[in-house]
Amino acid sequence: EDDIQPQSDLAQLKAELITLAEQLEECDVEAVERIDELSELAFPAEVKRKLLSINKAAAEYDFEAASDKLQSLKVMLS
């Protein structure tokens, strides 16, 4: 039962992803810090992998790729 993600956490993640999407659109390097913080939370492994992939792209200043990966994460969560 412990591995079931509480709805409130997923709702919080979705809200954070909206903010993150805006940061990536603006090529804001603080997006990397936000992703770091999100990836430390207790999300399923697949979500963490996607977050790390987004983080890698953003850390390399490839904000377009990071946005694309973020969009695929949002689709996965919907």
Side-chain angles (χ1 to χ4, degrees):
E1 256 184 61
D2 289 337
D3 62 350
I4 296 173
Q5 195 61 29
Q7 288 299 325
S8 61
D9 286 355
L10 285 178
Q12 179 190 355
L13 175 60
K14 288 178 183 180
E16 290 285 350
L17 293 181
I18 291 168
T19 304
L20 182 58
E22 291 167 358
Q23 286 181 302
L24 292 174
E25 286 290 317
E26 296 168 6
C27 301
D28 185 346
V29 293
E30 286 183 22
V32 175
E33 282 181 35
R34 181 174 295 275
I35 300 165
D36 281 340
E37 291 166 7
L38 288 175
S39 65
E40 304 218 346
L41 299 176
F43 293 116
E46 189 174 346
V47 173
K48 285 189 176 209
R49 274 195 298 277
K50 292 243 186 219
L51 286 170
L52 292 172
S53 176
I54 295 165
N55 198 8
K56 184 176 187 297
E60 294 170 356
Y61 302 102
D62 189 349
F63 294 102
E64 188 173 336
S67 281
D68 290 346
K69 291 171 190 281
L70 176 64
Q71 194 57 40
S72 89
L73 175 57
K74 284 174 152 181
V75 168
M76 183 182 92
L77 293 173
S78 59

Do L17 and M76 land in one hydrophobic cluster if side-chain heavy atoms of ILVMFWY residues count as linked below 4.5 Å?
yes

Partners of E16 by side chain to side chain donor-acceptor pair (under 3.5 Å), sequence neighbours excluded?
R34

For A66 versus A58, what's the shortest heavy-atom pair and its separation?
CB-N, 3.9 Å

Distance-only donor-acceptor hits, side chain of residues 47-54, under 3.5 Å, sequence neighbours excluded:
residue : atom : partner : partner atom : Å
K48     : NZ   : S39     : O            : 3.3
K48     : NZ   : L41     : O            : 3.2
K50     : NZ   : S72     : OG           : 3.3
S53     : OG   : K69     : NZ           : 3.1

By side chain to side chain contact (heavy atoms under 4.5 Å, CB included), E26 pairs with (sequence neighbours left out) none

Can you measure from CD (E37) to CG (L20) and round to the nearest 0.5 angstrom?
11.0 Å

How would you list, by chain and number, every residue that makes a side chain to side chain contact (heavy atoms under 4.5 Å, CB included) with K14, sequence neighbours excluded?
L77

A side-chain contact here means heavy atoms from C-beta on lying under 4.5 Å apart; do F63 and D28 qualify?
no

For S67 versus E25, what's the shortest heavy-atom pair and its separation?
OG-OE2, 4.0 Å

Cluster overlap Y61 with V32, hydrophobic side-chain contacts below 4.5 Å
no

Going by the rule side chain to side chain donor-acceptor pair (under 3.5 Å), which residues pair with D36 if we only count those two or more places apart in sequence or in a different chain?
N55

By salt bridge (Lys or Arg N to Asp or Glu O under 4.0 Å) - contacts of K56 (at least two apart)
E60

